Amino acid sequence: LWPWLLASSGLSALVQLVTLPFFPDSPSYLLIQKGNEEACRKAIRRLWGEGDHQAEIDDIMKEKVAMTSTKTLRVLEVIKERSLRWQLYILMTVMTTLQLCGINAIYFYSFEVFHTAKFEEYLIPYVSLGVGLCECLSSILCSTLIDRFGRKVLLFGGYTLMCSVLALLTMTLSLQHQFFWMHYFSVILIFLFVIFYGIGP
């Protein structure tokens, strides 16, 4: 079953490969990069239907003017630029915490936790698949929540809840040989961690 499951990801790639030529190019790409206003208007009509879209074209033109007046900085220039210092710090912090948040450890050890929880051997791959499905669904949920609460709240809330879950998971794994129900609590915590990861970071 697993070879078929892994091969199924190629199906979506094949669908994209077949359908992509029929999609119009981005209007901003056609106008800003290619300088082709007629192709831009045609793409807008295909995307949004017939009508007066001059306001959208004017917005793209403003973006083009802003881009031409903006100097492109190299990596060292970005690091030395004082006005970009805080943005750089925030970006580095978010990227570092994303790498060190523990999601890889959760995926690596989840099989062992499921095995210790006395799941049948043939069920463990499906439970692991459920973990991945939880991340996918929570990422979709995040796209709806981000407009309501904002990125800052989701990041802070996600990391706070993930830290709490990891602390509880450490406790349940330490006590799993003393209380039989701790195994199942650990499994629930793994699912919660993945959900909070998908919603937050």
Side-chain angles (χ1 to χ4, degrees), residues 5 8-13 15-17 19-20 23-33 40 43-44 46-49 51 53 55-67 70 72-73 75 78-79 81 83-110 127-170 186-201:
L5 190 62
S8 65
S9 60
L11 183 63
S12 62
V15 171
Q16 289 182 40
L17 187 66
T19 58
L20 199 59
F23 286 96
D25 286 318
S26 165
S28 57
Y29 165 76
L30 290 170
L31 192 57
I32 296 172
Q33 302 293 331
C40 172
I44 287 175
R46 281 190 66 186
L47 288 169
W48 298 323
H53 301 292
E56 286 82 2
I57 293 173
D58 291 340
D59 286 339
I60 297 172
M61 289 301 293
K62 288 176 186 175
E63 183 183 344
K64 183 178 181 180
V65 171
M67 287 179 66
T70 304
T72 304
L73 298 176
V75 175
V78 170
I79 294 171
E81 182 64 44
S83 62
L84 300 175
R85 196 70 51 85
W86 274 108
Q87 291 93 321
L88 190 62
Y89 288 156
I90 292 168
L91 183 64
M92 288 173 63
T93 302
V94 170
M95 291 296 105
T96 303
T97 51
L98 189 62
Q99 293 301 316
L100 301 176
C101 69
I103 189 68
N104 293 325
I106 289 291
Y107 279 131
F108 186 78
Y109 289 109
S110 61
V127 180
S128 299
L129 185 64
V131 172
L133 189 62
C134 268
E135 184 179 353
C136 180
L137 292 175
S138 60
S139 299
I140 295 170
L141 179 63
C142 175
S143 64
T144 60
L145 293 176
I146 198 166
D147 291 330
R148 179 176 293 182
F149 298 106
R151 190 178 301 274
K152 188 176 179 180
V153 173
L154 290 183
L155 277 174
F156 184 75
Y159 279 124
T160 302
L161 292 169
M162 285 164 64
C163 286
S164 305
V165 169
L166 283 179
L168 288 171
L169 188 59
T170 303
S186 299
V187 172
I188 293 169
L189 288 173
I190 285 175
F191 276 89
L192 284 176
F193 183 88
V194 171
I195 290 169
F196 295 147
Y197 173 78
I199 292 174

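The shown structure was predicted, so the numbers you read here are calculated from the model rather than taken from an experiment.
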Test item: Ser143 side-chain N/O and Ile140 main-chain N/O as donor-acceptor pair under 3.5 Å: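 Pair found, side chain donor or acceptor close to backbone of Ile140.
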If we ignore hydrogens and angles and just use 3.5 Å, is the side chain of Ser12 paired with the main-chain N or O of Ser8 as donor and acceptor? no
Where is the tightest heavy-atom contact between [X] and [Y], given as atom of each residue plus distance?
X: Gln99; Y: Asn104; value: O-ND2, 4.5 Å
X: Pro24; Y: Leu47; value: CG-CD2, 3.8 Å
X: Val194; Y: Ser138; value: O-OG, 3.8 Å
X: Ala43; Y: Pro27; value: CB-CG, 4.2 Å
X: Leu154; Y: Cys142; value: CD1-SG, 3.9 Å
X: Phe193; Y: Cys101; value: CZ-O, 3.5 Å

Distance check, rounded to the nearest 0.5 Å: [X] atom [atom1] versus [Y] atom [atom2]?
X: Ile103; Y: Leu166; atom1: CD1; atom2: CG; answer: 9.0 Å
X: Leu161; Y: Ile195; atom1: CG; atom2: CD1; answer: 11.0 Å
X: Ile79; Y: Leu84; atom1: CD1; atom2: CG; answer: 11.0 Å
X: Thr97; Y: Met162; atom1: OG1; atom2: CE; answer: 8.5 Å
X: Ile57; Y: Lys64; atom1: CD1; atom2: NZ; answer: 12.5 Å
X: Leu168; Y: Ile188; atom1: CG; atom2: CD1; answer: 11.5 Å

Side chain to side chain contact (heavy atoms under 4.5 Å, CB included) test vs Val165 passes for just one of Phe191, Tyr197, Phe196, namely Phe196
Give the C-alpha distance, both sets of side-chain angles, the deciding distance and a yes or no for side chain to side chain contact (heavy atoms under 4.5 Å, CB included) between Val131 and Ile106. CA-CA 10 Å; Val131 172; Ile106 289 291; 5.6 Å; no
Taking atom CZ of Arg85 as the centre, does the number of heavy atoms from other residues, nucleotides or ligands within less than 6.0 Å exceed 12?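 Counting other residues, nucleotides and ligands, CZ of Arg85 exceeds 12 neighbours.
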For Gln87 and Leu91: C-alpha separation, side-chain torsions, deciding distance, then whether side chain to side chain contact (heavy atoms under 4.5 Å, CB included) applies. CA-CA 6 Å; Gln87 291 93 321; Leu91 183 64; over 6 Å; no
Test side chain to side chain contact (heavy atoms under 4.5 Å, CB included) on Leu98 and Tyr159; report intermediate values, then the result. CA-CA 9 Å; Leu98 189 62; Tyr159 279 124; 4.1 Å; yes
Residue pairs, two or more places apart or on separate chains, that pass ring-ring contact (aromatic ring centres under 6.0 Å, His included) and touch residues 88-110: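 ring-ring contact (aromatic ring centres under 6.0 Å, His included) check on residues 88-110 returns Trp86-Tyr89.
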